[in-house]
Structures are given as C-alpha cells and as structure tokens.
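Here is the structure we will look at.
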Amino acid sequence: MATTACFIIVSRNDIPIYEAEVGVAAKREDAAQLHQFILHAALDIVQDLAWTTSAMYLKSVDRFNELVVSVYVTAGHILYILDYFIVEIKIVFMLLHDSRNDDGIKSFFQEVHELYIKTLLNPLYLPGSRITSSHFDTKVRALARKYL
Amino acid sequence: MANFLAQFQTIKNTSDRLVISVEDVSDIWPTVKPAFEARLPFKRATLNNKTRNPVFVEALPAEFILTTDSRLRSRFPHEQFLFWFREPYANIVLVTCEDLDEFKTILKPRLKLIVQNDEREWFVVFVSKAHPANDQASKMAKKVYAKLEVEFNTKKRERCCKYDMHLPEANFWEDLESKIMECIRNTLDRRVQFYEDEIRKLSEQRLMPVWNFCNFFILKESLAFMFEMAHLHEDALREYDELELCYLETVNVTGKQRDFGGADHGDDQAALVNPGNKALTQIVQEDSFREFEFRQYLFACQSKLLFKLNRPIEAASRGYSFIISFSKSLALHERILPFCMREVWVTTACLALIEATTSNYKDELVAPDIEKEFFRLLGDLYSLARVKFMRLAYLIGYGTDIERSPVNSASLSLLPWPKPAVWPTVPADASTEVLEKEKLILQTTSRTKSFGIQRKPLPLEPTVLLREANRRRASLSAGNMSEMFDSRQGPMEGSGFDSSTRMSPPRKALASSSMSRTNSSPGNFEGSIDRPMRLAEIFIAAEHALKQTISNPELWKSLSSSEEFEQKYLDLTKGAADNYHRSWWKRHGVVLDGEIAAVAFKHGHFDQAAKSYEKVCALYAGEGWQDLLAEVLPNLAECQKILNDQAGYLLSCVRLLSLDEGLFLTKERQAFQSEVVRLAHSEMKDPVPLDVSSLITFSGNPGPPLALCDKDPGILSVTLWSGFPDDITLDSISLTLNATYNTDEGVKALKSSTAIVLHPGRNTITLDLPPQKPGSYVLGVLTGQIGPLRFRSHSFSKVGPADSDDFMSYEKPAKPILKVFKPRALVDLDAAVSSALLINEDQWVGILVRPVNYSLKAAVLHIDTGPGLEIKESHVIEMESSAGVSENDGDQVQNDDAQIRTLNSDKKFERLILRDGKIEFPNWASEIPSILWVLVRAISDTLSRGSSSATTRRESIVDGMRTIALKLEFGAFHNQIFERTLAVHFTYPFYVRTRVTDKCNDGTLLLQYTMIRVTSR
C-alpha cells in the first residue's frame, strides 16, 4: 500500500467534490493542503492531455519529487441504468501517490468510477455537487487499501 | 588509439568546413582564386544522408586549399583514415595550356600521374587565358580543351570543364558546382560507408575486455563531425544520440568504480550548452570518459546541432529531461561532490538552457501548440531553478525571506536535504559571523497574519535542519544526538526558524556571557566540535561551504545578501510565471503571481500585491478549492485593508466567513465578522452593497405557500440561515418577491424597519405583506442593512461558490412562497325580503349576508338608504343565522357541509345597534350566512287617492322603489370592500276607500276605511 496517497474527485469547472487522504503514512498536518496544491496545479496538465487521448486512464501525468499524479477522466455522457437515466458529467479522478503499482491504480480508478455512478443514481444527489456520503467515503478507503 | 584524442580535438577545432583541394598544375590559381571563392558557400547543394536519401543543403561552406598547402602536405598517411573527414572531398586539377604540343608532351603525362589515384574524386578545370578578340588564341585553346576532353572524359562521367578567364561562359559556374557537388557526394558516401563499417566492427567487440570507449567515441564523433561539416545536422544529431546511448550503457553496465568527475573548480556551472568547456583529454579516464563532464559534453553537442536545425524547443525539452536525469546522477554521487553541488548545478543548468533556447528561438514560424509547449518548458526550467535557488538560500539563512506558501512549501518540504558525506563545519575564524547571524535570526519576527489567524505556517523544510545537519556531522555520536533532541523535540517540530526563535530567551541571556549555551565545557568556540551546531552556525557553515562550491560570481552575488537573494528570487519567479501564463498553464502561472505579490506586499507595494492576490483568489474561488483559498484570501484582505478598499475588504471578509467552517477557528471567524461590523458602523460614507449570498441564505417555510385573496395583506414568514459565527444585528431587512408569471412586473420589496438580530444558524423572520397582485411569488433578493452597508443575498442554497452563473443549476428550483388568488366574490349580499313592503309603514327588510369561503370577522356593514327611505335609528337591528336561506341556492353546492352544520346548530340570534350607519358583525356571523333584519320606513308624501286608473298604478311602482346602498368592509384590515345596492320595492299596498257609514247623533261620523290590496298583474 502506498505510503502517501491523496485522492480527489474534480467535477465540472474543476471543482473538487470529494477529497480523501488514503495513504498509510502518518499524516502531517499540512500534507493535505500541499497535496491539494499539487493536484490543483496538475489540472493544467490534465486539461492539455485530456484532449489528446480517448483513453480514460491517463496514467501518471505529473511528478512532484517522489510523488506521482495519476489521472482518470470519465467521459461525460448519459447512462441508462434499469430504466433510469442519469446524466454523468465529465469528472476527473486524481490520485497523488508514491506507488509504482500501475495496474492497482487503474483498478482503483475503475472501481471508484463504478462507485461514483452508483452515487449518481441516488435521486437526492445533485450531479456535480459535493459527495458527502459516508458510505462512499468508506468504500473508497476500502478500495484504496485493496489496490494501492 | 586513445592517444589520438588530443590530435582529434585539435583537428576538429581547426577544420570546420569541407575541403576542396586544388592541384594548381599551371600556376594559375592566384589569378582565378577570387572568382572561385566568390562562389562560396555553395548554394543549392544536394547531398546524400546516411540512408542515402538526397538532402538539400541551402548553404554549404567549403574551402579551396592548394595541394601544396602545408595543411594538406604535412599529414602522415596512417592518420588519413582515422581523420578522414578532414581530407579533401573534391580535387580540382587546374590547368591551362596554349599549345597542343606542350599539352601532349608535358601536361598530359603529368595529369595522368595526378589522377591515377582512383581513391580521390577529381576533375579538370581548363582555364583559357585567350582574349576573345584574339581569334588565334581562342581557337588554340578550344583545340587543347577538345584534346583534354578526349583524354579525360569517359562515357560515364565528364571530368572536364572550361573556364574562359576573360569571358566565362554562362553555364560554367553551374557546371563547376555540379561537378564539385558530385565529387563531394561521392566522397561523402564512401567515407560514411567507411566509418560505418569501422563502427560496426568496433561495436561487435563491445563486450570484449579490450574494448575501449574512447576509440569508439573518436570514430563515432568523426562521423558525426563529418555530417556536421556537410551540414547534414540531422545525421550528426543521430550519431550523438547513439553515442549517448552507448555511453550510458557502458556507465551502467561496467561494474568498474570510476571517477565521476565534477570536483574541479568551475564544475558547478553547468556546461550543457558549451561543448568546448573542457578539453576531452582532460576528462579521459582509462578507456572512457568521466561521466560528469562527458554527459554534459554530449548534451552540448546535441543542443548545438538542435540550434543549428532551428529546433530550440526540442533542445529545451531534451534539456529539461537531461537536467532531471543528470540531477539524479549527481544525487548518487553527492557524497563525493562539493557541498550542494547538485543544487548549484541544476540552477546554473536551467538558467543556461533558458538563455540558450530563448536566444535561438524565433517565434514567427511556430504553430501555437508548439509555442505553448516551449513556454511551458521554459516555465518548468525557471521553476526548477527557482526551487533549487530557494533551497540554497534557505541553507544560508534566508529562509525568513521565503514566503511559506503552498507552492514554496510543496516544492521545498518534499525535497530532501542535500546529503553530503559530512555536513560542513563552521570555519575557525567565523565566530563573529555566527554572532551576526544569530542577531539577525533574533531580530526577524515572522510576519503575523491578519485577523490573528493562528494557522500553523507551512514548512519549507523536509525535516528540521538543525537535526539533519547535526546528524550528518561525523564527530557527533548517535547517543549525543538522541539526548539532545529528546529534550527539545516538542518545540522543534515544525520549522527550523520557529524553533530557533522559540528557544531564543535562554540564548539571549547566554549570548552576552558566553557563546555556547548548552555545552558543559563552555568557552572555547573552536573546541566545541562535539556539541551540536546551532542554527546560526549551520547557516554560516553552509555559507562558507557554498562559497567554495559556487564559482559563478553572479550566482554567489545573488546569495550574498537578502536583498540580492530577493532580486534573483523575484526574477526567477517572474520568469516562471510569465512563461506559464504564455503556455496557458494558468494555475501554475497564477500561483507564482501570488509569490510575486508576497514580495510586493513585503515591500509595501500593496496595490500590486492586491492585484496579484486577486487573481490567485479568483482562481481558487472559481474552482472551489477552499483549502488553498483559505491560505491566500487573508493576504488579499490585508492588502485591501491597507489600501482602504472598503468594498473589496468587506467582500473578502464575507468570503472568508463563507469558507468551510473547519478551515478557520471560531475566534478567527469572529474576527472577520467584527471587521465587517466595525466597518459598517464607522467609516463608510456611501452606501456599499455587499453580496453575502454565500453567507446568508434564506428560504420560505416548508409546506404550502401562503395563500392570500386578492387585495389581502398578510404576514410572510421567512427562514434565514446566517453563516456568521456570532449574532449580527441588521438595522432593517427587505426582501423582494418576484412574480413567477410575469417577469416584467416590478419586483416588490417587503421591508421590516425594525432591527433584526440574526443568530448563527437558523432564524425565522416575519415580514408584513401588503396586498399583492394576483399570482404566485417566489423569494427574490434579501437585503439587510447595517449602517450604510447593504447585505445582498440572492441564494437559496449553500452549494458551490457564489458569483458564478454556472452554479445556477445547483440551486434548488425556486418554490413559490406566496399565492395571491384572482379576484373573486368573497361575500354576497342579497335582499331576503325586498318586495311587497308597505310604503309609509315600518317594515323589516331582510339582508342576506353570505360569506363565500372567506371570513367576515369584524366586518362592518355600512347601510346607506337612498331617498325616500329611512332607517329607524331607534330600532335595533336584528341578525340571525340563516341556515335555511342558502339552502335553496343551487350554486352553493360546495357549501353543503357548512349548511348542514348550521342547520344542526342552534339558530343564532343577536340584536345589533346601528351607529352612524354602520353595523359591526358579531363573531358568530363570520363564517356562516346570516340575515340582517333592518327596520325601514319608506316615506311617500303623496298618498294615493284611490285612483283606479292604470297610469296611477304604474306610477306607483316606480314610486315605490327604494334603494339601500350596502357597503361591507371585511378582511383582516377591512381591506376588502363589497358594495351592493339593493332595490327594495314598496307598494302602496291598498286602495284606501273611506266612506261614511253612519252618522251618529252626537256628531260622530262612523267611517268605513277599506284597504283593498292591489295584486300585481
């Protein structure tokens, strides 16, 4: 498991809607803020990269000393699930980590994507708004433990 | 072959263009030389590249050298192959002859001798000295040239051309150039083939022990150099790329312990764009080269070629990766390198690369995408240099000048300290400097944040410098270390500076008496090698060590004082920010703008600082990164406060308050609020509107909207959430209502003029609602007033930042809060009994009052009788509930329930008194129909005289008509008015016949008074 891992979901207009420190390292108080700073700056790269590829998983897009930013971009589209249809807006999953396990990160992203879609199915959840569900949080942390 | 290295270097330095040798057989070269050399460099040259594809070279420089020249003569044959690239690429045999015999006997054998060496590419230029006017001579020259052609031209190849000195033929030069080109092309092809074969041979032996990289290098670089001379830069670059790969392989694979290099004076200055920095002979080491110098040399050669190819962007991109990878190599060898060599090298390398690439960059021919990429690379280079420079500055004690912002903190605190084998120690004679530094440290007070924000400053160091430096000192044993730090671990967490200032009081006291404070054996400064170094000592030690490392006076000057440091820091930051902006990496750019703002702030340029901070805040606020916004917004507020920008300052305070509550302490949030209130009450002259949508939100009460009938006023209750940490008193509140059906309708503001105290969290306020037009209404804008300050809030929910249209969709759909119904009948007044009343008699007129789903509570009925009708004031008016009256009404079906109720209930009855023509309704009559009995009397002066004519009767009907004007005022504020005029018919009910029936004796007449009812027909 990665010692440092900061996971952020960025919604439309680059607004963070979910943040979690999922690393096992003893947390420095200021770490979260620095991680956020690094991830925010990496959005510059994501915006350039996202147009050059059709792949969702952009792999590592930026390095910051020992830390790597991996990014997964969902395609904005309309999903039909069990007679429901939900509008999925384009969102970006960003993970700042020091892990070398590329496959694990990819799986993590994919499962979180699934989890996110389940969140979207909740009629009380407004797409693009902050994800406050504690269930989501627990699940994401469990996934981080599993894959990172 | 390694011995040839020196020679190779000199040859390379002396020859930089292709050589064309001139065999001057007839001593004529001096005469034709100017004309020949005027053709240089060759235009429109076509050469073959390594893959034998033709490449067009625009200007090919070359040099004509006589074969008798010392440069060509003095060579030993064995060198020829090795340094073949410098040998002539074409041989021109220059002849002239005016006599056939002479040609046959002397010239021809001589030429045959010269050209018998097939290795060389040659051709003959026959120079005709004959003047065109001299026919004889011209003919002879032609004859000789013809002979020459016969002798030396072959079917395959023409090797002769004729040059008329006086009147050159038009196509001569073309001919000459094409012949030279042919020669060069052939020679080049052959030599490339030769070198490739040699290189292949050597490569095959690569894994054998005798293999020598230097030899390989000489061959490979010869080939590269030849390509470069021929202006085939692309091929030359490829050779260098291959050479680099081969070199890295030898470095990585061979397990030999090699000298890395980099220990010479001046090595700290990167030489990655300067191939001639060091002679290769200096860096040769056994059979290979020192890594430090050689890799830089290779990159310098590559970058030189890239610049020649006009590809500065590629140079920048390769350069950046090179710096990163080379920096890693430096880290591996950090123990043997001078202190902070790596940081110094990276700084100088970045700056050198920036300088070289920008000076070679011509922006007119570049696609926008590529251009963006270039600026991005420059930005990266600048910011890399900036980080390393900051690290150096921190080590010598300028850390207090570095803003503890997220960008600096992220760059520095995640970057490990330099790891020298032994941390530098304080020089013996530096005790005064240490004292100076110590004073300086004590003097510097960290900037206190505005609003008394208690936030812990972000770290600029990966670990505490004090600990790291002492740990790396050879003389200090681990035991000492733990003792030292166990006692002080607490206060030293965080930053080195803080720990030093916190520990200052004991130090101050001791500094006067003795320089060392913790040591048990005080006194001797130099002897204190066993005791841990203090922070000031670490700084001074680092400063002295860096002075040794840094050879560049410019860089050293930038570190010599905190002013110089700041200047350089600012230059680097600006460079990075500008380039990031030009590359559209706005996040990177804007963040660095914030750093520039911090410096401007420190120097009191608040205007400039505020502008930059605004940009940063706008970025973070726009994208909703609140943690980051919380870091920089107080700075902006501080600037605005100093600049007396009240509107901006208030807005910043409100924005601070609207950030997530967890980001600031309650005390800090209270400070923000008190600032707002203080400003509101004191200084402002003009009314200032302030958007507090993110802070104060409001909504109607849950449940159905308030329903009102037309013209009815009401009381509207609204729920307000206050995000202020404390109670806040608003002088007044006004709230606009927007009609949903019609946007043109002017919005109506409800006002409450009394002061309202908003508690933190949920509040309920009530507002008087004047009568509204029919329709449904939603809440519009809430405005609260504190002094001249107007709070405006237009949001219903707290999701997302305010001020952004994109967030409209996040708002909950507006729920109607008020419905005003269209005008309808609320009450009905009718006459219960209105006909067959007798004129001139007291008659009861019944007025039926029927409320239509509307309360008649406290209703007042004005009764105004028309002419000819009067109400008996003395008489009471009676009111009774009339369940039965409306029973018959077909259109009142929906009232069934009420009717049944009233039927069952006891019939109510009350006497009322008419005062000033008004009757007040009793409470029981507010919901149910009732009948009002009024005693009236119609007065008619003309009593009918018993005429039986029809006209009289008709007149009497009109005559008998009286009206009662009724006006019912009802509703909560008697705002509803219902008026009706009832017609009441009075009849002269009878024909009155009077006749005397008898006459009494006593004079009494007995009259018969007969009233005959007239029935209407």
Side-chain angles (χ1 to χ4, degrees), chain A residues 3-4 6 8-21 23 25-26 28-49 51-52 61-69 87 89 91-92 94 96-98 124-132, chain B residues 324 369 372-373 376 379-380 383 387 404-416 455-459 462 493-495 580 583-592 619-632 660 663 797-801 804 806-807 809-812:
Chain A
T3 46
T4 305
C6 176
I8 282 193
I9 300 180
V10 178
S11 170
R12 199 168 45 156
N13 300 335
D14 304 325
I15 296 154
I17 55 171
Y18 174 79
E19 305 142 23
E21 289 286 334
R28 263 163 60 173
E29 248 180 86
D30 41 55
Q33 199 186 357
L34 296 185
H35 292 165
Q36 283 207 21
F37 169 76
I38 295 166
L39 287 173
H40 178 252
L43 282 174
D44 272 335
I45 305 163
V46 175
Q47 81 187 8
D48 285 356
L49 268 183
W51 297 106
T52 61
V61 299
D62 193 17
R63 293 189 149 269
F64 204 92
N65 292 322
E66 294 308 307
L67 301 177
V68 181
V69 181
V87 179
I89 55 178
I91 57 163
V92 180
M94 303 179 87
L96 180 75
H97 60 93
D98 52 7
L124 297 180
Y125 175 74
L126 195 65
S129 66
R130 204 161 250 283
I131 301 175
T132 48
Chain B
I324 298 290
D369 271 6
K372 265 171 64 182
E373 174 72 8
R376 205 260 302 153
D380 282 350
S383 68
V387 170
R404 290 172 179 272
S405 58
V407 54
N408 288 346
S409 179
S411 314
L412 289 175
S413 74
L414 299 177
L415 183 72
R455 209 168 245 242
K456 201 175 137 192
L458 293 169
E493 286 296 340
S495 72
Y580 278 136
S583 76
W584 301 8
W585 273 24
K586 60 171 182 179
R587 294 178 191 86
H588 283 75
V590 165
V591 162
L592 291 169
L619 174 76
Y620 287 147
E623 302 186 344
W625 292 66
Q626 299 209 349
D627 282 32
L628 303 175
L629 184 60
E631 187 68 28
V632 67
D660 277 351
L663 289 172
S797 60
K798 222 182 167 178
V799 183
S804 164
D806 295 328
F807 281 90
S809 57
Y810 289 102
E811 286 181 357
K812 292 169 197 156

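As a basis for the values below, the full set of heavy atoms in this structure was taken, side chains included, without hydrogen atoms, waters or symmetry mates. Since this is a predicted model, take the numbers as computed values, not measurements. Order of the sequence lines fixes the chain letters, A, B, ..., with proteins taken first and strands second; residue numbering starts at 1 for each chain.
Here A:Arg130 pairs with A:Glu19 in a salt bridge; the nearest charged N to carboxylate O distance falls below 4.0 Å.
Atoms CD1 and CD1, from A:Ile8 and A:Ile91 in turn, are 13.0 Å apart once rounded to the nearest 0.5 Å. The distance from the CD atom of A:Gln33 to the CG atom of B:Leu663 is 8.5 Å, given to the nearest 0.5 Å.
Looking at B:Val591 and A:Phe37, their side chains come closer than 4.5 Å, going by heavy atoms from C-beta outward.
Heavy atoms closer than 4.5 Å to chain A are found nowhere in B:Ser583, neither backbone nor side chain. With a threshold of 4.5 angstrom between heavy atoms, A:Ile45 approaches chain B through its backbone and through its side chain. With a 4.5 Å cut-off on non-hydrogen atoms, B:Lys372 touches chain A through its side chain but not through its backbone.
Chosen from B:Ile324, B:Leu415, B:Val407, the residue pairing most often with chain A at heavy-atom distances under 4.5 Å is B:Val407. With respect to chain A, the highest number of heavy-atom pairs below 4.5 Å among B:Tyr580, B:Trp584, B:Trp585 belongs to B:Trp585. Among the candidates A:Ile38, A:Val10, A:Asp48, the residue making the largest number of heavy-atom pairs closer than 4.5 Å to chain B is A:Asp48.
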Take B:Arg376 and A:Asp44 through the test salt bridge (charged side-chain N to carboxylate O under 4.0 Å, His left out) and record every step on the way to the result. CA-CA 10 Å; B:Arg376 205 260 302 153; A:Asp44 272 335; over 6 Å; no
